Amino acid sequence: MEIVIQFCKAFAVGGLLCLIGQVLIDRTKLTPARILTSYVVAGVILGALGLYEPLLDFAGAGASVPLTGFGNLLARGVRQAVAQKGVIGAFTGGLEAASGGISAAVFFALLAALMGKPREKK
């Protein structure tokens, strides 16, 4: 029964993040690219302030999978690298922490490009 509750929490938080994005698309003149970037920046800010960790503890994948989770991952990586390596960690920590996700995104984008047939929009 506990796993069902975890799924419901993840679905609710992930769905709320998607709902906010959809409202921004529908009600503002912001482009999807700006909204996506804003989500990453919001995740970085909330992660740097220590406010994203309680959301991760509550919602699990519902908070870690969306773009806000990527921003939080960057902030956490920078924070850990600075603690270990000093100032140079500010430049390397985010990429080290997110390298697995970035590599997977590039790999699966390549697979999708190889399997799809490009065509012009009409």
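Position 1 is the first residue of the sequence, and the numbers go up from there. Remember, predicted model here, so these are calculated numbers, not experimental data.
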Linking directly or through intermediates, with side-chain heavy atoms under 4.5 Å: list the remaining ILVMFWY members grouped with [X], chain and number order.
| X | value |
| --- | --- |
| Leu110 | Leu114 |
| Met115 | none |
| Phe108 | Phe107, Leu111 |
| Ile5 | none |

side-chain contact (heavy atoms from CB on, under 4.5 Å) partners of Leu46, counting only residues at least two apart: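 So Leu46 forms a side-chain contact (heavy atoms from CB on, under 4.5 Å) with Leu51, Tyr52.
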Qualifying residues under side-chain contact (heavy atoms from CB on, under 4.5 Å), relative to Ala98, sequence neighbours excluded: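 Expected list: Phe70, Leu73, Leu74, Ile102.
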CG (Leu30) with more than 12 external heavy atoms under 6.0 Å: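 Correct, the count exceeds 12.
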Check residues 57-65 and write down every donor-acceptor pair under 3.5 Å in which the side-chain atom is one partner and the other belongs to a residue at least two apart or another chain.
{"from": "Ser64", "atom 1": "OG", "to": "Gly60", "atom 2": "O", "distance (Å)": "3.4"}

Nearest heavy atoms of Gly47 and Ala75, plus distance in Å: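 Residues Gly47 and Ala75, closest heavy atoms: C-CB, 4.1 Å.
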Exercise: identify the closest heavy-atom pair between Gly93 and Ala81: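 The answer is CA-CB, 3.4 Å.
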Pairs involving residues 72-87, ordered by first then second residue, that meet salt bridge (charged side-chain N to carboxylate O under 4.0 Å, His left out) (sequence neighbours left out):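 Qualifying pairs: Glu53-Arg76, Lys85-Glu96.
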Residue pairs, two or more places apart or on separate chains, that pass salt bridge (charged side-chain N to carboxylate O under 4.0 Å, His left out) and touch residues 27-51: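 Applying salt bridge (charged side-chain N to carboxylate O under 4.0 Å, His left out) to every pair that reaches into residues 27-51, excluding sequence neighbours, yields nothing.
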Show me the side-chain donor-acceptor pairs of residues 8-21 shorter than 3.5 Å, one per line, residues at least two apart or across chains.
none

hydrophobic_cluster_shared for Leu67 and Ile25, side chain cutoff 4.5 Å: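 Yes.
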Listed partners of Gln22 passing side chain to side chain donor-acceptor pair (under 3.5 Å), at least two apart: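 In terms of side chain to side chain donor-acceptor pair (under 3.5 Å), with neighbours along the sequence ignored, Gln22 is linked to Asp26.
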Straight-line distance of Leu55 CG to Asn72 CG, nearest 0.5 Å: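 The CG atom of Leu55 sits 9.0 Å away from the CG atom of Asn72.
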